[in-house]
*Asks:* 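Sharing a structure with you now.
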Amino acid sequence: MPDSLSEETSQLLEDYLQHCSLGPSSSRPPVSPKARALIRVTAEVLDAHRGFFQDSCCTLEAGGIEPALVLKRVAQQLDDEGGLSWGRVVALIAFAGSLAKRSSGCAETPRRLAGVLSHYLAQEKREWLEKNGGWDGFYHFFNKSNSHPENPNCTTYNAILAAAGVGLAGLAVLLSVR
């Protein structure tokens, strides 16, 4: 039986991945402040690590690996490397967005990716998500007055990118040993 956290997680991730798959001009604009924050923060991570995400997706395409399976493995790898942080969650969602964008020819892929992420975050990592305030906590964490991209030298912003980088390092290891 779905609950409000599971439903919110699923809806937020489906909307985000559809946004990535279709592009900003083809998808409906994000309705909630949380969705706008997610799009903004993942864009920052994607901009900072664009080459890495593009290379990772190309490697996966060349290997013919199912994107949802890879995403599940990457999420499990985060646990093995020290667990979650908001930066790692953003890196994982940004990676899913890259996969959705690359698979724009397959309408089912964003939905499958959203399902994997929703299950991982709202079920497997529910305790962590609740402890960190759920998606309200996400919104407040990334909307502190000193964490906006206009101030790229702030401690919070640098910590987010560093945490995302650690998550990306796990992805790189996973891709290299597949």
Side-chain angles (χ1 to χ4, degrees), residues 5-6 8-21 34-35 37-132 134-135 137-138 141-142 159-178:
L5 181 62
S6 295
E8 181 179 25
T9 301
S10 180
Q11 188 64 55
L12 187 64
L13 295 173
E14 282 183 28
D15 288 350
Y16 171 73
L17 294 171
Q18 182 177 12
H19 170 83
C20 293
S21 170
K34 296 169 202 171
L38 180 61
I39 289 170
R40 176 181 53 82
V41 175
T42 53
E44 292 170 16
V45 171
L46 288 167
D47 287 345
H49 301 283
R50 185 160 312 284
F52 176 80
F53 282 106
Q54 289 174 342
D55 291 348
S56 298
C57 288
C58 287
T59 300
L60 294 172
E61 285 175 354
I65 303 170
E66 165 63 31
L69 178 61
V70 171
L71 185 61
K72 186 175 182 175
R73 287 183 189 165
V74 170
Q76 291 167 342
Q77 185 75 22
L78 289 179
D79 286 339
D80 295 342
E81 293 181 0
L84 288 184
S85 68
W86 282 125
R88 286 177 166 211
V89 168
V90 168
L92 187 62
I93 295 171
F95 177 59
S98 294
L99 292 172
K101 184 176 183 176
R102 296 292 288 219
S103 64
S104 58
C106 180
E108 257 326 284
T109 299
R111 189 172 297 122
R112 275 193 234 117
L113 294 171
V116 167
L117 277 179
S118 293
H119 178 79
Y120 177 73
L121 292 170
Q123 303 302 317
E124 294 178 37
K125 295 300 169 187
R126 179 183 200 85
E127 185 178 326
W128 181 91
L129 193 56
E130 288 175 339
K131 179 181 172 190
N132 287 277
W135 293 105
F138 168 86
F141 183 85
F142 287 109
I160 292 165
L161 288 181
V166 171
L168 297 176
L171 173 60
V173 169
L174 180 66
L175 290 173
S176 68
V177 296
R178 63 181 171 102

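Computed from a predicted model, the values in this text were never measured in an experiment. All residue numbers in this chain count up from 1 along the given sequence.
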*Asks:* Measure the CG-CG distance between Leu69 and Leu113 for me, rounded to the nearest 0.5 Å.
*Replies:*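 Between Leu69 CG and Leu113 CG, I get 11.0 Å after rounding to 0.5 Å.
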
*Asks:* Please name the pair of heavy atoms, one in Ala94 and one in Val45, separated by the smallest distance, quoted to 0.1 Å.
*Replies:*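 For Ala94 versus Val45, the nearest heavy atoms are CB-CG1, 4.3 Å.
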
*Asks:* Among residues at least two apart in sequence or on other chains, which ones pass side chain to side chain donor-acceptor pair (under 3.5 Å) with Lys125?
*Replies:*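 Residues passing side chain to side chain donor-acceptor pair (under 3.5 Å) with Lys125: Asp79.
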
*Asks:* Would you call the rings of Trp86 and Phe142 parallel, tilted or perpendicular, taking 30° and 60° as the class edges?
*Replies:*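 Ring orientation of Trp86 relative to Phe142: perpendicular.
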
*Asks:* Which heavy atom in Gln123 sits nearest to a heavy atom in Ser6, and how many Å separate them?
*Replies:*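 That would be NE2-OG, 2.8 Å.
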
*Asks:* How far does NE2 of His119 sit from CD of Glu124, to the nearest 0.5 angstrom?
*Replies:*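 The distance works out to 4.0 Å.
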
*Asks:* What's the shortest heavy-atom distance between Ser98 and Leu46, and which atoms?
*Replies:*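 In terms of heavy atoms, the two residues are closest at OG-CD2, 3.3 Å.
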
*Asks:* For Phe138, which of Leu129, Val89, Val90 qualifies under side chain to side chain contact (heavy atoms under 4.5 Å, CB included)?
*Replies:*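 So the option named by the test is Val90.
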
*Asks:* So which heavy atom on Lys34 is nearest to which on Leu12, and how close?
*Replies:*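 Looks like C-CD1, 4.1 Å.
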
*Asks:* Any side-chain to backbone donor/acceptor pair from Tyr16 onto Leu38? Under 3.5 Å, distance only.
*Replies:*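 Not at all, since once roles are kept as given, no pair shorter than 3.5 Å links the two residues.
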
*Asks:* On a heavy-atom basis, which atom in Ala68 and which in Arg112 lie closest, and how many Å separate them?
*Replies:*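 Reported closest heavy-atom pair: CB-CB, 4.3 Å.
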
*Asks:* Between Lys131 and Glu127, is the closest basic N to carboxylate O distance under 4.0 Å?
*Replies:*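 So Glu127 does not pair with Lys131 through a salt bridge.
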
*Asks:* For side chain to side chain contact (heavy atoms under 4.5 Å, CB included), just list the numbers for Tyr120 and Leu92, CA-CA rounded to whole Å, side-chain angles, deciding distance to a tenth of an Å, and then say yes or no.
*Replies:* CA-CA 11 Å; Tyr120 177 73; Leu92 187 62; 4.0 Å; yes

*Asks:* I need the Glu66 CD to Leu71 CG distance, nearest 0.5 Å.
*Replies:*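 It is 10.0 Å, given to the nearest 0.5 Å.
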
*Asks:* Please report the closest heavy-atom contact between Pro67 and Leu99, naming both atoms and the distance.
*Replies:*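 Result for this residue pair: O-CD1, 3.8 Å.
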
*Asks:* Is there side-chain contact between Leu13 and Leu121, with heavy atoms separated by less than 4.5 Å?
*Replies:*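 Answer yes - side chains close enough.
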
*Asks:* Quick check: does any side chain N or O of Thr9 sit under 3.5 Å from a backbone N or O of Leu5, one acting as donor and the other as acceptor?
*Replies:*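 Such a contact is found between Thr9 side chain and Leu5 backbone.
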
*Asks:* Report the residues that fulfil side chain to side chain donor-acceptor pair (under 3.5 Å) with Ser118, sequence neighbours left out, ordered by chain and then residue number.
*Replies:*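 Side chain to side chain donor-acceptor pair (under 3.5 Å) list for Ser118, sorted by chain: empty.
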
